[in-house]
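Encoded as structure tokens, the structure appears first; notes follow it.
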Amino acid sequence: MQETSYAAHAAFLIGLADPAQACTTFYDEDDETVHEWEDGVLSISTDFADYTTYKLTPVAASVPLRFDVLVENENGVADFDDDAQADLSERLARLVGQIRQFQDKRALTDEELSRLQAMLLPAGEWEWKEWPETGTHAVQDACAVHELGLTLVAPSSKQQRDVAASDDFSDGVLAWFRRQLQPQGWTLVAVTPFDELQSFFLVANDNVETVRALLYQQGHRML
């Protein structure tokens with residue numbers, strides 16, 4: 001663990017939220033990863049290629065503001081070398097603008113929150129890579145549970161290869177479901193935090209933009 005000063009950007013980030021608040025998430029559009037503020041610790045995740053997370057804890061009464069920085073990856077605690085420091089500094093700088101936008105958002109009213117929950121019909125939690133079987137079955141089950149009367153045909157081997165060859169795998173998965181569901185009046189969506197194990201929802205076509213706007217107001221992103 002190493003104390004590192006990022007006073008130019010850190011002061012804004014630390015002033016963002018009460019440490020006692022529930023977990024607050026911020027989506028990094030550039031790297032398509034989620035960063036979290038919880039219990040006074042800012043966790044900045046890197047992309048899924050190296051599974052590394054920087055955990056930044058403010059050092060009490062330090063001027064200029066300093067962090068204790070813990071770098072973790074899938075193998076445990078990692079070294080905080082010059083490359084990691086440069087990467088962390090870059091990510092902090094990029095997050096400032098996104099978090100300012102987040103602060104400008106307002107909390108949904110109880111009525112808006114109830115409306116959002118009513119329009120998001122759970123369609124299971126499954127890993128993206130398991131979409132041909134687990135995902136298809138989960139969506140079929142959701143259609144039955146919600147009594148939507150939708151039909152969904154499992155993907156052929158060619159369709160699975162086509163999705164796997166997509167420039168953006170998650171977009172390819174959702175596009176396959178939407179080609180079947182949208183003509184029947186429904187859309188399958190995923191909601192951040194984006195993760196390998198993802199939560200999916202069914203949304204009526206007419207409600208998609210409303211749901212997108214309400215989620216954005218909360219600081220979330222709909223895929």
Side-chain angles (χ1 to χ4, degrees), residues 21-29 31-38 45 48 98 101-102 104-160 162-164 166-223:
Q21 285 184 341
C23 179
T24 302
T25 61
F26 305 95
Y27 188 77
D28 187 328
E29 295 283 351
D31 290 305
E32 296 186 344
T33 53
V34 173
H35 310 301
E36 297 181 343
W37 172 278
E38 185 173 25
S45 301
F48 295 128
Q98 296 179 29
Q101 293 177 3
F102 184 90
D104 291 339
K105 303 182 192 308
R106 59 174 174 79
L108 298 182
T109 64
D110 290 342
E111 181 180 351
E112 289 172 327
L113 186 57
S114 295
R115 185 183 178 198
L116 175 61
Q117 291 172 340
M119 290 187 291
L120 282 170
L121 305 184
E125 186 178 70
W126 34 276
E127 294 186 16
W128 289 95
K129 64 186 178 183
E130 296 181 346
W131 71 274
E133 295 183 1
T134 302
T136 300
H137 291 155
V139 175
Q140 288 175 330
D141 290 344
C143 293
V145 168
H146 301 305
E147 299 182 349
L148 302 182
L150 306 179
T151 59
L152 189 66
V153 179
S156 65
S157 297
K158 181 181 183 304
Q159 290 172 327
Q160 293 182 45
D162 289 343
V163 170
S166 301
D167 291 336
D168 187 310
F169 180 67
S170 58
D171 282 349
V173 170
L174 291 174
W176 181 84
F177 280 100
R178 289 170 179 173
R179 279 193 291 271
Q180 295 198 56
L181 296 173
Q182 284 183 331
Q184 302 179 72
W186 291 83
T187 298
L188 183 72
V189 303
V191 177
T192 56
F194 179 87
D195 203 348
E196 183 179 4
L197 182 63
Q198 183 73 51
S199 295
F200 296 87
F201 300 87
L202 287 162
V203 179
N205 290 347
D206 292 342
N207 294 335
V208 168
E209 292 310 313
T210 301
V211 168
R212 189 188 308 278
L214 290 173
L215 286 170
Y216 181 78
Q217 192 61 52
Q218 284 190 311
H220 296 296
R221 178 172 177 256
M222 186 181 83
L223 303 177

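Numbers for residues simply follow the sequence, beginning at 1. The structure presented is a predicted model; accordingly, all values stated were derived computationally and were not measured.
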Checking Gln140 against Leu150 for the side-chain contact (heavy atoms from CB on, under 4.5 Å) test, could you report, in this order, the C-alpha distance in whole Å, the side-chain angles of both residues, the deciding distance, and whether it holds? CA-CA 8 Å; Gln140 288 175 330; Leu150 306 179; over 6 Å; no
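Glu112 has no carboxylate O lying under 4.0 Å from a charged side-chain N of Arg115, or vice versa, which leaves the two without a salt bridge.
Looking at every heavy atom in both residues, Ala154 comes nearest to Thr136 through CA-CG2, 4.2 Å. Considering all non-hydrogen atoms of both residues, Ser166 and Gly172 come closest at OG-CA, 3.6 Å. Taking each heavy atom of Pro132 and Pro155 in turn, the nearest pair found is O-CD, 3.7 Å. Considering every non-hydrogen atom in both Ala142 and Ala123, the closest pair reads CB-CA, 3.6 Å.
The SG atom of Cys143 lies 9.0 Å from the CG atom of Leu188; values are rounded to the nearest 0.5 Å. Separation of atoms CG (Asp162) and CD (Gln160) is listed at 10.0 Å; rounding is to 0.5 Å. The distance from atom CD of Gln198 to atom CG of Leu174, rounded to the nearest 0.5 Å, is 8.5 Å. We find the CG-CG distance between Leu181 and Leu152 to be 5.5 Å, quoted to the nearest 0.5 Å. Between Asp141 atom CG and His146 atom NE2 the span is 10.0 Å, to the nearest 0.5 Å. Rounding to the nearest 0.5 Å gives a distance of 4.5 Å between CG of Leu148 and CH2 of Trp186.
Checking Val191, Thr210, Val189 one by one against Leu215, the side chain to side chain contact (heavy atoms under 4.5 Å, CB included) holds for a single residue, Val191. The ring-ring contact (aromatic ring centres under 6.0 Å, His included) test with Trp128 singles out one residue from Phe200, Phe169, Trp176, and that residue is Phe200.
Counting only residues at least two apart or in different chains, salt bridge (charged side-chain N to carboxylate O under 4.0 Å, His left out) contacts with residues 125-137 comprise Glu127-Lys129, Lys129-Glu196.
Distance alone, capped at 3.5 Å, places no donor-acceptor pair between the Ser114 side chain and the Glu111 backbone. The backbone N or O of Gly124 sits nowhere less than 3.5 Å from a side-chain atom of Ser199 that would complete a donor-acceptor pair.
Residues that satisfy the ring-ring contact (aromatic ring centres under 6.0 Å, His included) test with Phe177, not counting sequence neighbours, are Trp126.
In this structure, the side chains of Met119 and Phe201 stay at 4.5 Å or more apart for every pair of heavy atoms.
Judged purely by distance below 3.5 Å, without hydrogens or angles, the side chains of Ser170 and Asp168 pair a donor atom with an acceptor atom.
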